[in-house]
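Notes follow once the structure below has been shown.
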Number of protein chains: 2
Amino acid sequence: MTIKEVGEKYGISSDTLRYYERIGMIPPVERTESGIRNYTEKDLSWIELVLCMRNAGLPIEAIIEYVKLFKMGDKTFEARLNLLTEQREALIEQKKKIDIMLERLNYKIARYEIAVETGKLTWDAEDCKK
Amino acid sequence: MTIKEVGEKYGISSDTLRYYERIGMIPPVERTESGIRNYTEKDLSWIELVLCMRNAGLPIEAIIEYVKLFKMGDKTFEARLNLLTEQREALIEQKKKIDIMLERLNYKIARYEIAVETGKLTWDAEDCKK
DNA sequence: ATATACCTTGGAGTTAACTCTAAGTCAATA
DNA sequence: TATTGACTTAGAGTTAACTCCAAGGTATAT
C-alpha cells in the first residue's frame, strides 16, 4: 500500500505519515527497490494504534517510548506495562476534567436556554461563578 | 489580590495570567493608581472558569470568543448558547475517543500483566492489532 | 536612602505536533 | 520520449499555548 493510499484510508496526510516514521512513532516501513514506502498490514496496525492514541490526546513522546521498548524485545514487558498503566491513569484523569467541565457546561447551557426564551439571564454572579 | 497570589492560588504563573488577559481570555483586570493589577472576586471567577475550560482541553480561541460575546451584552445570549453547545459536543466527542483508547489500554495491560508473570506475551498480531 | 522583592510592558524564545518547500527520482500515459 | 503525477529526503515554516527577557517602576524593611 502506498503512502497516499494509507493517508486516504486514515484521513491523515502523507507528510504526517512520514513525520510519524521519522520520529520513531511507528517502526520503519519497508521500501520497494526504488525506495518507495510499501505499507504492510503490520504497518497499518501500528498506524491504527498510533492514531487511536493521538485521538485520545496521549503525547507523541509516550508513543515513541512504547515503540522503542517494543523494538528492544521481550525483556521490556514490565517497562511497557508501566508505560501503558501510566497512560491509562492520565486518560482517566483527563476524563475527570472533561466531566467537571461538562457539568459546568450543562448548567450554563440550561441558563442560556432560558435566557434566549425570556431575554433575561437569571442572575449568577455575573455569569462567571459555578 | 496581586498577580502572584492569584498565580499561587491556582497553580499558574504570573506570566500565564498576564498572557490570558492580553489575548482577551479574561476581561481586563482593574489596576491600582500605580498600575498594578488588583484581582477582584469577579476576576477570580473568570480565571476559575478559564482554567476549567483549559483543563478540559477546550481551545483558547473558543474561550476568547465567549468573553467577547459576554462583553457585548444581552443581545448575544443565543450566540453564547450556540458556542457553549458546540463546545459541549466537542467534549462529548473527546470523551468517546478516550473511552476507545481506554478499552484498548485495558486489553493491552491485561496481556502485559500475564506477560510479566509468564515471560511470554500471548500472541496478538505482533502486539499491534486490536 | 538603599536594598530587595515585587510589579509593569513589549517583544522575543520555546515546545509539540505538524505542514510545507526545494530539489530531485521514478512510473505510467499520450 | 516527453510530460504528468506521485514518490523521495532534508530542512524550513507554522500554530497554539505558553514562557522568558530586558528595561524600568513600586513598595517595604532596615
Side-chain angles (χ1 to χ4, degrees), chain A residues 1-40 43 46-47 49-68 86-87 90-91 94 97 101, chain B residues 1-40 43 46-47 49-68 86-87 90-91 94 97 101:
Chain A
M1 221 172 175
T2 69
I3 198 166
K4 192 165 186 243
E5 285 162 352
V6 175
E8 273 159 11
K9 183 168 161 68
Y10 293 109
I12 53 172
S13 71
S14 303
D15 272 316
T16 301
L17 279 166
R18 281 190 215 99
Y19 169 70
Y20 281 177
E21 187 179 342
R22 176 167 50 178
I23 64 173
M25 223 159 106
I26 53 173
V29 174
E30 295 289 313
R31 316 302 177 93
T32 64
E33 305 91 70
S34 48
I36 288 168
R37 284 173 183 80
N38 185 23
Y39 289 82
T40 65
D43 295 319
W46 273 106
I47 290 163
L49 174 63
V50 156
L51 290 179
C52 186
M53 293 172 101
R54 289 298 301 129
N55 278 334
L58 292 181
I60 276 185
E61 252 316 301
I63 309 175
I64 292 172
E65 182 65 19
Y66 181 73
V67 173
K68 243 184 225 160
E86 266 170 40
Q87 298 310 313
L91 286 189
Q94 189 53 28
K97 287 174 181 171
M101 189 63 218
Chain B
M1 222 172 174
T2 70
I3 198 166
K4 190 163 186 245
E5 286 162 351
V6 175
E8 273 159 12
K9 184 168 161 69
Y10 293 109
I12 54 173
S13 71
S14 303
D15 271 316
T16 301
L17 279 167
R18 280 189 217 99
Y19 169 70
Y20 282 175
E21 187 179 342
R22 177 166 50 180
I23 64 172
M25 223 159 105
I26 53 173
V29 174
E30 295 288 315
R31 313 304 175 93
T32 64
E33 306 93 68
S34 48
I36 287 168
R37 284 173 183 81
N38 185 23
Y39 289 82
T40 64
D43 295 319
W46 273 106
I47 290 164
L49 174 63
V50 156
L51 289 180
C52 186
M53 292 172 101
R54 289 298 301 127
N55 278 334
L58 292 181
I60 275 184
E61 253 316 302
I63 310 176
I64 292 173
E65 182 65 19
Y66 181 73
V67 173
K68 243 184 225 159
E86 265 171 41
Q87 296 310 313
L91 285 189
Q94 189 52 27
K97 286 174 182 171
M101 189 63 218

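In the text below, chain A, chain B and the rest are named by the order of the sequence lines, each starting its count at 1.
Ion pairing between B:Lys9 and B:Glu5 fails under the 4.0 Å rule for side-chain N and carboxylate O.
A heavy-atom distance below 4.5 Å is found between the side chains of A:Ile64 and A:Ile23. Side-chain contact between A:Glu21 and A:Arg18 is absent, with no heavy atoms from C-beta onward closer than 4.5 Å. Considering only heavy atoms from C-beta on, A:Val50 stays 4.5 Å or farther from A:Tyr10 through its side chain. The shortest distance between side-chain heavy atoms of A:Met25 and A:Leu17 does not fall below 4.5 Å.
Rounding to the nearest 0.5 angstrom, the gap separating the OH atom in A:Tyr20 from the CD1 atom in A:Ile47 is 10.0 Å.
In this structure, B:Asn55 atom CG and D:dA17 atom P are separated by 13 Å, rounded to whole Å. Counting to the nearest Å, the C1' atom of D:dA27 and the CD atom of B:Glu33 are 13 Å from each other. Rounded to a whole Å, the CD atom of A:Glu21 is 13 Å from the C1' atom of D:dC7. Across the protein-nucleic acid pair, B:Ile12 atom CD1 and D:dT19 atom P stand 10 Å apart, rounded to whole Å.
At its two ends the helix from C:dA1-D:dT30 to C:dA30-D:dT1 runs along axes set 10° apart, each axis drawn from five pairs and the angle rounded to 10°.
Put simply, B:Tyr20 has no side-chain N or O that comes within less than 4.0 Å of OP1 or OP2 on D:dA17.
Side-chain atoms of B:Gln94 come within 3.5 Å of backbone atoms of A:Asn55 as a donor-acceptor pair (strictly under, hydrogens ignored).
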- Could you write nucleotides 5-16 of chain C as a row of B, S and -, 5' to 3', where a protein heavy atom under 4.0 Å of any base atom gives B, of only sugar-phosphate atoms gives S, and otherwise -? -SSBBBB-----
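For B:Ser14, there are no side-chain hydrogen bond (donor to acceptor under 3.5 Å, both in side chains) partners two or more places apart in sequence or in a different chain.
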